[in-house]
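Below is one structure, written out as structure tokens, with a few remarks after it.
Computed over heavy atoms, backbone and side chain alike; hydrogens, waters and symmetry mates excluded.
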Amino acid sequence: MFYMMHKERKAATTSLQSPLDPGESKQKEREREREMAMSQIVNTYPLSNYSFGTKEPKLEKDTSVADRLARMKINYMKEGMRTSVDAILLVQEHNHPHILLLQIGNTFCKLPGGRVKPGENEVEGLKRKLTSKLGGNSAGLVPDWKVGECVATWWRPNFETMMYPYCPPHITKPKECKRLYVVHLSEKEYFAVPKNLKLLAVPLFELYDNVQRYGPVISTIPQQLSRFHFNMISS
């Protein structure tokens, strides 16, 4: 069910090729600048463009934080450091960017995503987790996930709840690395939300510096996105 909330020096060598003429060099430089500028643009479409349905519940593997940390410790002994990936999905409402969050129960919110399997590519792993969390039950109802830039990396030094946007220098074997990716949405998509979860569209101003409500990872997303230009597309 969907709910709306308003409140990522080489050594010099001798070239045997003819140097580029100044005109060609400037053209290539402009092309590079244009590509860099385009990579900083995020198209956001109105929330009303998207349709929402439900699917079977997606039950959590752990009933408490302690259980989750205990399971993480067991998996660490088998597979080593946990790698997880989360998606920043953006829509717009009232000409302001909103981020889609999954709500568990009445209070806890999280980004859609999850653990990457050992040896799995992070981008492919994120697409798999997004399809599992929000994709429909048929191939035709799976959104076209366009995974973009990694905008943040968080570290869990120990089997504790706290994560940091850096790995402390005295930690040689961190327990988890979490990366946040911007995922570009198409103009129209269908999202199937597990019946036991809610999908919220939360404005950036609600997330900003709201550690108490959303935790350090989600509440710092507005800063991580500040270098992007949001192209508000109305349709």
Report the relative orientation of the aromatic rings in Y164 and Y166; use parallel for angles under 30°, tilted for 30 to 60°, perpendicular for over 60°. tilted

Is a side-chain N or O of D86 found less than 3.5 angstrom from the main chain of L180, in a donor-acceptor match? no

With no hydrogens and no angle check, is any side-chain donor or acceptor of R213 less than 3.5 Å from a backbone partner on T107? yes

Looking only at heavy atoms, which two atoms of I171 and P157 are closest? And how far apart? CG1-CB, 3.7 Å

Got a second to check how far E206's CD is from L101's CG, nearest 0.5 Å? 10.0 Å

Considering all heavy atoms, the nearest P143-G135 contact: CD-CA, 4.0 Å

If you look at every heavy atom in A201 and V91, which pair is closest and at what distance? CB-CG2, 4.5 Å

First locate atom CG of L69, then atom OH of Y76, and finally report the distance between them rounded to the nearest 0.5 Å. 14.5 Å

dist E56:CD -> N196:CG (nearest 0.5 Å) comes out at 10.0 Å

Heavy-atom closest pair, residues T153 and C177: CG2-SG, 3.6 Å

Under a 3.5 Å distance rule, please check whether N121 uses its side chain to pair with a backbone N or O of V123 as donor and acceptor. yes

Within 6.0 Å of NZ in K146, more than 12 heavy atoms from elsewhere: yes

List the steps, then state whether side-chain contact (heavy atoms from CB on, under 4.5 Å) holds for K178 with M163. CA-CA 9 Å; K178 177 191 290 289; M163 298 190 75; 3.8 Å; yes

Is there a side-chain contact between P97 and M232 (heavy atoms, below 4.5 Å)? yes

When hydrophobic residues are tied together by side-chain contacts of less than 4.5 Å, even through go-betweens, does V142 share a cluster with V183? yes

For atom NZ of K58, is the number of surrounding heavy atoms from other residues, nucleotides or ligands below 6.0 Å larger than 12? no

Do the side chains of I104 and L89 join up, straight or via other hydrophobic residues, at under 4.5 Å, putting them in one cluster? yes

Kindly indicate, with the supporting measurements, whether the criterion side chain to side chain donor-acceptor pair (under 3.5 Å) is fulfilled by Q223 and S226. CA-CA 5 Å; Q223 293 96 312; S226 62; over 6 Å; no

Stepwise side-chain contact (heavy atoms from CB on, under 4.5 Å) check, W155 with K175: CA-CA 8 Å; W155 299 89; K175 306 307 181 284; over 6 Å; no

The side-chain hydrogen bond (donor to acceptor under 3.5 Å, both in side chains) partner of S84 among K129, R179, E176 is E176

Non-hydrogen side-chain atoms of I233 and T44 separated by less than 4.5 Å: no

So, do L102 and L111 sit near enough that their side-chain heavy atoms are less than 4.5 Å apart? no

Using side-chain contact (heavy atoms from CB on, under 4.5 Å), reason through I221 and I88 one step at a time and then give a plain yes or no. CA-CA 9 Å; I221 288 177; I88 300 175; 4.0 Å; yes

Shortest non-hydrogen contact between C109 and I218, atoms and distance: O-CD1, 3.8 Å

Check whether any side-chain heavy atom of T161 sits under 4.5 Å from a side-chain heavy atom of V65, and report yes or no. yes

Let's go through R71 and N75 carefully: what are the C-alpha distance in whole Å and the side-chain angles of both, what is the deciding distance for side-chain contact (heavy atoms from CB on, under 4.5 Å) to 0.1 Å, and is it a yes or a no? CA-CA 6 Å; R71 182 169 60 87; N75 289 337; 3.9 Å; yes

Is there a donor-acceptor pair closer than 3.5 Å between any side-chain N or O of K55 and the backbone N or O of F191? no

Please round to the nearest 0.5 Å and tell me the distance separating atom NZ of K127 and atom OG1 of T131. 9.0 Å

In one Ile/Leu/Val/Met/Phe/Trp/Tyr side-chain cluster, 4.5 Å: V217, Y214: yes

Min side-chain heavy-atom separation L90-L225 under 4.5 Å: yes

Atom OH of Y50 and atom CG of L199: how far apart are they, to the nearest 0.5 Å? 12.0 Å

For a 4.5 angstrom cut-off between non-hydrogen side-chain atoms, does Y208 reach S219? no

May I ask you to decide if N106's main-chain N or O and Q103's side chain share a donor-acceptor pair within less than 3.5 Å? yes

Would you say L200 ends up clustered with L207 if hydrophobic residues are merged whenever their side chains have heavy atoms under 4.5 Å apart, either directly or through other cluster members? yes

Polar side-chain atom of N49 near backbone of Y45 as donor-acceptor pair, under 3.5 Å: no

Heavy atoms, side chains only, cut-off 4.5 Å: are R128 and W145 in contact? no

Using modelled atom types and a 3.5 Å cut-off, is there a donor and acceptor pairing between side-chain atoms of R227 and backbone atoms of Q40? no

Distance in Å, F230 CZ paired with N43 CG, rounded so as to fall on 0.5 Å steps: 11.0 Å

Do H96 and Q92 have side-chain heavy atoms sitting under 4.5 Å apart? no

Hydrophobic cluster membership, with links at side-chain heavy-atom distances under 4.5 Å among I/L/V/M/F/W/Y: are W154 and M72 in one? no

Measure across D144 and S186 and return the closest heavy-atom pair with its distance rounded to 0.1 Å. CB-OG, 4.0 Å

Step through the shown structure and confirm whether more than 12 heavy atoms of other residues, nucleotides or ligands are within 6.0 Å of CZ on F159. yes

